[in-house]
Amino acid sequence: MNIAFFLVPKDDVIYLSPHHTMRQALERMEYHRYSAVPLVDDHGKYVGTITEGDLLWKLKHSPEIGFENAHKVQLKDVPQHMTINPVRINQQMQDLITLATNQNFVPVLDDNEVFIGIIRRREIIDYCFKLWQSEQKV
């Protein structure tokens, strides 16, 4: 099955720019209760995913920052410790199963490498469960 059916479009996704600050990321993640947020550059290209862990490690290794100065550090200056791999819109759902074991979501790109949305792990699990159910009825 084509993944476009499961796509949460970019307009419905919380994402940040590498130029946003650590404080903006922390506040947005807290408000939405997300542990990871895609990063999209000024050209609409996916450039990675910032996680709570990335922000915490940056604070730990840069004690001079502290929460009071988190508004001075841009996300482009925060090392990403996990590689959240994107897929292209023309891939099949089966291609996402391996990625979903390690990622809460899978970023989706169009043919021009532009970020167009995400597919959440729950949709992938639901797809697999329904597929399994249908095979059990045979």
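Because the structure is predicted, anything quoted here is derived from the model rather than measured.
Using a 4.5 Å cut-off between side-chain heavy atoms of Ile, Leu, Val, Met, Phe, Trp and Tyr, with links allowed through other members, F5 and I119 fall into the same hydrophobic cluster. In the hydrophobic clustering of this structure, V13 does not group with V114; members are Ile, Leu, Val, Met, Phe, Trp, Tyr whose side-chain heavy atoms approach within less than 4.5 Å, directly or through other members. Grouping the Ile, Leu, Val, Met, Phe, Trp and Tyr side chains by contacts below 4.5 angstrom, directly or via other members, places I116 with L99. Hydrophobic clustering of Ile, Leu, Val, Met, Phe, Trp and Tyr side chains at less than 4.5 Å, counting indirect connections, keeps M29 apart from L56. One hydrophobic cluster, built from ILVMFWY side chains closer than 4.5 Å, cannot hold both V47 and Y15; they sit in different ones.
Counting only residues at least two apart or on different chains, no salt bridge (Lys or Arg N to Asp or Glu O under 4.0 Å) pair has a member in residues 46-70.
Side chain of D110 to main chain of E113: a donor-acceptor pair is present (N/O by atom type, distance under 3.5 Å, no hydrogens or angles). Q24 places no side-chain N or O within donor-acceptor distance of the main-chain N or O of H71, the cut-off being under 3.5 Å. Between the side chain of E30 and the main chain of E27, no donor-acceptor pair closer than 3.5 Å is present. With hydrogens and angles ignored, the 3.5 Å screen pairs a side-chain donor or acceptor of Q103 with a backbone N or O of F105. Under the 3.5 Å distance criterion, the side-chain polar atoms of S134 are matched with a main-chain donor or acceptor of L131. A donor-acceptor distance shorter than 3.5 angstrom exists from the side chain of R121 to the backbone of A100, with no hydrogens or angles considered. A donor-acceptor pair under 3.5 Å is absent between the side-chain atoms of Q92 and the main chain of I3, judged by distance alone.
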Run the numbers on V73 and T21 for side chain to side chain contact (heavy atoms under 4.5 Å, CB included), then give the verdict.
CA-CA 5 Å; V73 180; T21 66; over 6 Å; no
Tell me, with the steps shown, if R120 and V8 meet side chain to side chain contact (heavy atoms under 4.5 Å, CB included).
CA-CA 8 Å; R120 295 178 292 220; V8 177; 3.7 Å; yes
Pair L109, I89 - check side chain to side chain contact (heavy atoms under 4.5 Å, CB included), show working.
CA-CA 6 Å; L109 311 178; I89 189 63; over 6 Å; no
Before giving the answer on side chain to side chain contact (heavy atoms under 4.5 Å, CB included), spell out for T51 and S35 the whole-Å C-alpha distance, their side-chain angles and the decisive distance to 0.1 Å.
CA-CA 6 Å; T51 67; S35 59; over 6 Å; no
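Dense packing is recorded around CZ of F67, with more than 12 heavy atoms of other residues, nucleotides or ligands lying under 6.0 Å away. Residue H61 places its NE2 atom among more than 12 non-hydrogen atoms of other residues, nucleotides or ligands, all under 6.0 Å distant.
Side-chain contact between R122 and Y127 is absent, with no heavy-atom pair separated by less than 4.5 Å. Side-chain contact between R28 and V37 is absent, with no heavy atoms from C-beta onward closer than 4.5 Å. Side-chain contact between K10 and V108: absent, with no pair of heavy atoms (C-beta onward) separated by less than 4.5 Å. By the 4.5 Å heavy-atom criterion applied to side chains, N104 and I84 are not counted as neighbours. At least one side-chain heavy atom of I124 sits under 4.5 Å from a side-chain heavy atom of M93. The shortest side-chain heavy-atom distance between L39 and T49 does not fall under the 4.5 Å cut-off.
A pairwise comparison of heavy atoms in P38 and I118 identifies CG-CG2, 4.3 Å as the closest pair. Of all heavy-atom pairs between L7 and P9, the closest is O-CD, 3.5 Å.
The CD1 atom of I125 lies 10.0 Å from the CD atom of E123; values are rounded to the nearest 0.5 Å. Separating the CZ atom in F6 from the CG atom in L96 is a distance of 9.0 Å, to the nearest 0.5 Å. The CG atom of D111 lies 6.0 Å from the CG atom of N90; values are rounded to the nearest 0.5 Å. The distance from the CG atom of D77 to the NE2 atom of H19 is 10.0 Å, given to the nearest 0.5 Å.
Shown here are the ring pair (Phe, Tyr, Trp, His ring centres under 6.0 Å) partners of F129, two or more places apart in sequence or in another chain: W132.
The closest side-chain donor-acceptor pair between D41 and S17, if any, does not fall under 3.5 angstrom.
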